[in-house]
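To start, the structure itself, in structure tokens.
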2 protein chains.
Amino acid sequence: MRNTNAKSEIQNLIAESTVALSHTEIQAATKGLCDRVTIYRVLDRLVDEGQVHKIINVDGVVKYANCHSCTDHTHTHAHAHIHFSCQKCKSVTCLTDVEPIFKLPKKYKVSEMNFTLSGLCPQCS
Amino acid sequence: MRNTNAKSEIQNLIAESTVALSHTEIQAATKGLCDRVTIYRVLDRLVDEGQVHKIINVDGVVKYANCHSCTDHTHTHAHAHIHFSCQKCKSVTCLTDVEPIFKLPKKYKVSEMNFTLSGLCPQCS
DNA sequence: TTTCATCTTGCAACAGAGTTGCGAATATAG
DNA sequence: CTATATTCGCAACTCTGTTGCAAGATGAAA
């Protein structure tokens with residue numbers, strides 16, 4: 001996996017953002033850096049590398065965020081933390097260190113968790 | 001809000017299904033009943049009426065399920081239960097009576113919850 | 001039952017998100 | 001520096017969902 005201009009720029013952008021970013025936001029922020037398609041391909045690569053994780057927001061918008069708190073960087077590592085989705089500013093934030101507790105029927109085999117709370121973020125409330 | 005053929009057929013289909021259904025699945029199951037666009041509009045109406053709830057799966061696929069356990073049928077009522085998404089057969093099931101417990105920073109104002117567990121469903125494991 | 005305003009439908013066209021094929025450009029190991 | 005596998009840009013395409021509008025259906029009231 002090669003280190004290209006587009007890749008490092010996009011990786012930095014995501015790493016420095018406090019909220020998860022969508023393809024559209026990344027495209028706007030890197031204006032003219034590279035083609036739309038390249039952004040999609042770079043994002044796929046970053047996810048494969050385990051540098052970044054992909055979040056599907058409750059409104060269906062796909063966002064990408066840095067794996068700040070993840071020590072395991074294989075592409076299949078789990079993200080057992082809560083995401084917060086602001087209904088006003090549409091920002092998505094990773095709430096690290098907030099692990100939910102639940103019990104469920106034994107017949108199900110769980111391998112991944114996806115927990116998103118919606119409402120107002122500190123900036124909007 | 002009127003009672004039409006398309007609406008009642010689609011409502012029955014969703015009500016009788018044990019798993020959440022996507023637009024594509026509904027279209028296949030009602031083959032020729034009505035136009036693609038009508039299905040989208042009927043689904044929107046059913047959600048507005050509070051008869052059905054809309055689920056965005058972890059893979060981004062939009063699914064619709066009956067509000068079995070909901071007594072409140074206003075269009076904004078909350079669904080505080082877990083969804084289970086099978087990675088093999090792609091089915092999405094509502095796990096009623098499984099309420100998760102969690103604590104989070106006070107600065108956030110939560111109004112909605114979205115919790116999906118992925119893995120293998122009883123049929124697939 | 002007939003009328004009529006209003007809601008619903010079908011069609012066509014459009015919009016946005018993401019994917020694919022391919023030839024050209026380029027990063028990096030040797 | 002060269003060779004080669006990776007990455008890029010472009011164009012075209014797919015899939016999902018939306019919108020405008022004319023025609024058709026619903027159901028409440030006369």
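Below, read A as the first sequence line, B as the second, and so on, with proteins coming before strands; counting in each chain starts at 1. Source: prediction; values computed, not measured.
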### Message
Nearest whole Å is fine: how far is D:dA5 P from A:Arg2 CZ?
### Response
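Nearest whole value for this atom pair: 10 Å.
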### Task
Provide, to the nearest angstrom, the distance between the CZ atom belonging to A:Arg45 and the P atom belonging to D:dA5.
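Interatomic distance, CZ of A:Arg45 to P of D:dA5: 17 Å.
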Please tell me which of the listed nucleotides, [options], lies nearest to the side chain of [X]?
X: A:Met1; options: C:dA17, D:dT7, C:dG21; result: D:dT7
X: A:Asp44; options: C:dT19, D:dT18, D:dT4; result: C:dT19
X: B:Val42; options: C:dT9, D:dG9, C:dT28; result: C:dT9
X: B:Val62; options: D:dC8, D:dG20, D:dG17; result: D:dG17
X: B:Arg41; options: D:dT7, C:dT9, D:dC8; result: C:dT9
X: B:Tyr40; options: D:dT19, D:dT16, D:dA5; result: D:dT16

### Message
Taking donor-acceptor contacts at under 3.5 Å, does the side chain of A:Arg36 reach the base of C:dG18?
### Response
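Checked by distance alone, the answer is yes.
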### Message
Can you tell whether the side chains of A:Lys90 and A:Glu25 come within less than 4.0 Å, N to carboxylate O?
### Response
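No.
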#### Entry: B:Val61 or A:Thr38, whichever maps to the more 5' nucleotide of DNA chain D
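By nearest-heavy-atom nucleotide position, the 5'-most residue is A:Thr38.
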### Query
Which residue, B:Asn5 or B:Thr24, contacts DNA chain D at a nucleotide closer to its 5' end, judged by nearest heavy atom?
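Final value for this comparison: B:Thr24.
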### Query
For B:Asn3, which contact category applies under a 4.0 Å heavy-atom criterion: base, sugar-phosphate, or nothing?
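Sugar-phosphate contact only.
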### Query
B:Thr4 side chain N/O closer than 4.0 Å to the phosphate oxygens (OP1, OP2) of C:dT8?
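It does not, given that no N or O in the side chain of B:Thr4 lies less than 4.0 Å from OP1 or OP2 of C:dT8.
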